[in-house]
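Throughout, protein chains are lettered first and strands after them, A, B, ... in sequence-line order, and every chain is numbered starting at 1. All values derive from a computational prediction rather than experimental measurement.
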2 protein chains.
Amino acid sequence: MVTKQLLKGLPEDADLRRADSLAREIFSDIANKWALLIIEALGERTLRFSELRAEVEGVSHKMLTQNLRMLERNGLVDREVHPTVPPRVEYTLTGPGQDLRAAVDVICGWTHQHLGHIENARTRFDT
Amino acid sequence: MVTKQLLKGLPEDADLRRADSLAREIFSDIANKWALLIIEALGERTLRFSELRAEVEGVSHKMLTQNLRMLERNGLVDREVHPTVPPRVEYTLTGPGQDLRAAVDVICGWTHQHLGHIENARTRFDT
DNA sequence: CGGTATCCAGTAGGATACTG
DNA sequence: CAGTATCCTACTGGATACCG
């Protein structure tokens, strides 16, 4: 449970509280637009930096590197540098990354499936 | 496909391009920390505003109202006002909201399942 | 109790330029 | 080509105060 605070102050809770705060931290990391879109893009295949930039519509150079570092740090993405010139850097989802990707896929599917419902809800709301 | 730009400029594409940009807009709306945590919290049961505030650890009054309006506008959440005094306002997931909640559940599960992997990846990365 | 408005500090994030 | 650093604006989001 990410949303719930663990019960107060018993000494034995120390480990659980740490795990919970770690979970919340990770959740905050990945629950953002660019991270999820990058994961989704990498689901199909390994991509180089420049390919990712083209694939993830609207992402800036800065946001892309920033999120890639974060995903790498959390073990969701592997970064492979080919020491050629010019350099060639490839990003691949790790196992856990692939798992998460499946969930993101569901969200993407959900979005397209409910476009109509949402559009209606919006016009109803905006009046 | 949320991440891909649709193919350029053929007149027949107008509808598809509209759908795609709408999808991206919706995705940006819901792919944020607070929205997902609120959906997750409401998955268990209908909650009043103040209960939500307690349930979603760390959310501010402002962020909560803001995200609730957004979720209501997109038809993910129903808002029911009981005209008592003091007022009582209850929030419930709609059908589509419940569907999305299932996906968010998967992400929450994923997070807890891979805590170890992630922690290791982090210490490896941070050296 | 729940919602809205105001203020403002912190930061996210774009543009740009430079390195290997 | 990919990464890092710098600058600078715009917006996010918290605190506070006030209405119904």
Side-chain angles (χ1 to χ4, degrees), chain A residues 3 5 24-38 41-42 45-74 76-93 125-127, chain B residues 3 5 24-25 27-39 41-42 45-74 76-93 125-127:
Chain A
T3 61
Q5 176 171 23
R24 214 174 290 118
E25 196 185 319
I26 295 163
F27 193 85
S28 301
D29 270 1
I30 61 177
N32 91 66
K33 185 184 167 182
W34 294 130
L36 294 183
L37 288 176
I38 290 169
L42 284 178
R45 60 187 180 92
T46 294
L47 290 173
R48 337 178 27 171
F49 185 85
S50 46
E51 291 171 327
L52 263 172
R53 247 203 114 174
E55 200 78 9
V56 180
E57 168 91 2
V59 72
S60 71
H61 188 122
K62 188 182 179 179
M63 283 302 96
L64 187 52
T65 32
Q66 203 167 102
N67 279 278
L68 282 171
R69 288 301 157 272
M70 179 274 287
L71 292 172
E72 191 192 353
R73 183 171 118 89
N74 288 323
L76 294 174
V77 159
D78 265 346
R79 176 168 178 269
E80 188 172 6
V81 182
H82 298 82
T84 59
V85 44
R88 174 184 190 83
V89 183
E90 297 187 321
Y91 294 92
T92 314
L93 287 185
F125 185 91
D126 292 344
T127 56
Chain B
T3 60
Q5 177 172 23
R24 213 175 290 118
E25 195 185 320
F27 192 86
S28 302
D29 270 0
I30 60 178
N32 91 66
K33 185 184 167 181
W34 295 129
L36 294 183
L37 287 176
I38 291 169
I39 289 169
L42 285 178
R45 60 187 181 92
T46 294
L47 291 173
R48 338 180 23 174
F49 185 86
S50 45
E51 292 171 327
L52 263 172
R53 248 203 114 173
E55 201 77 10
V56 180
E57 168 90 5
V59 72
S60 70
H61 188 123
K62 188 182 179 179
M63 282 301 95
L64 187 52
T65 31
Q66 202 167 102
N67 279 278
L68 282 172
R69 287 302 157 274
M70 180 274 286
L71 292 173
E72 191 193 353
R73 183 171 116 90
N74 288 323
L76 293 175
V77 160
D78 265 346
R79 176 168 179 269
E80 188 171 6
V81 184
H82 298 81
T84 60
V85 44
R88 173 184 191 82
V89 182
E90 296 187 322
Y91 293 92
T92 314
L93 286 185
F125 184 91
D126 293 345
T127 56

Legend entry - Phe125(A) side, atom CZ; Arg79(B) side, atom CZ - distance, nearest 0.5 Å: 8.0 Å
Legend entry - Separation of dA2(D) C1' from Leu52(A) CG (nearest whole Å): 12 Å
Legend entry - Residue Phe49(A), side-chain atoms from C-beta onward, closest of dA2(D), dG13(D), dG14(C): dA2(D)
Legend entry - Donor-acceptor pair under 3.5 Å, His61(B) side chain vs dG3(C) base: yes
Inset, instruction - With the side chain counted from C-beta on, respond yes when Ile30(B) and Leu76(B) share a heavy-atom pair under 4.5 Å apart, and no when they do not. - result: yes
Inset, instruction - Find the distance His82(B):NE2 to dG20(D):C1' and express it as a whole number of Å. - result: 18 Å
Inset, instruction - Look at the side-chain N and O atoms of Ser50(A) and state whether any lies under 4.0 Å from the OP1 or OP2 oxygen of dA2(D). - result: yes
Legend entry - Proximal nucleotide (of dT6(C), dC1(C), dG14(C)) relative to the Pro86(B) side chain: dC1(C)
Inset, instruction - Answer with base, sugar-phosphate or nothing: what part of the nucleic acid does Arg69(A) contact at a heavy-atom distance below 4.0 Å? - result: sugar-phosphate
Inset, instruction - Give one of base, sugar-phosphate or nothing for Arg88(A), where a contact means two heavy atoms less than 4.0 Å apart. - result: nothing
Legend entry - Distance in angstrom units between Arg53(A) CZ and dG14(C) P, rounded: 9 Å
Legend entry - Rounded distance in Å - CG (Leu47(B)) to P (dC1(C)): 16 Å
Inset, instruction - Whole angstrom is fine here: how far is it from NZ in Lys33(A) over to C1' in dA12(C)? - result: 13 Å
Inset, instruction - Could you check whether Arg79(B) gets within reach of a base, just the sugar-phosphate, or nothing at all, counting any heavy atom under 4.0 Å? - result: sugar-phosphate
Inset, instruction - Working to the nearest 0.5 Å, report the span between CZ of Phe27(A) and CG of Asp29(A). - result: 11.5 Å
Legend entry - Distance below 4.0 Å between Arg48(B) side-chain N/O and dC1(C) OP1 or OP2: no
Legend entry - Per Pro87(A) side chain, nearest of listed nucleotides dC1(D), dG3(D), dG13(D): dC1(D)
Legend entry - Thr65(B) side chain, from C-beta outward: closest of dG3(D), dG2(C), dT4(C): dT4(C)
Legend entry - Between dG14(C) (P) and Glu57(A) (CD): distance, integer Å: 13 Å
Inset, instruction - Please tell me if the side chains of Tyr91(A) and Ile38(A) come closer than 4.5 Å, counting only heavy atoms from C-beta onward. - result: no
Legend entry - Close side-chain approach of Leu52(B) to Leu68(B), heavy-atom, < 4.5 Å: yes
Inset, instruction - Rounded off to whole Å, could you give me the CH2-to-P distance for the Trp34(A) and dG13(C) pair? - result: 9 Å
Inset, instruction - Give a yes/no answer on whether the side chain of Tyr91(B) brings an N or O atom under 4.0 Å of OP1 or OP2 in dG3(C). - result: yes
Inset, instruction - Figure out the NZ/C1' separation between Lys62(B) and dT4(C), and round it to whole Å. - result: 11 Å
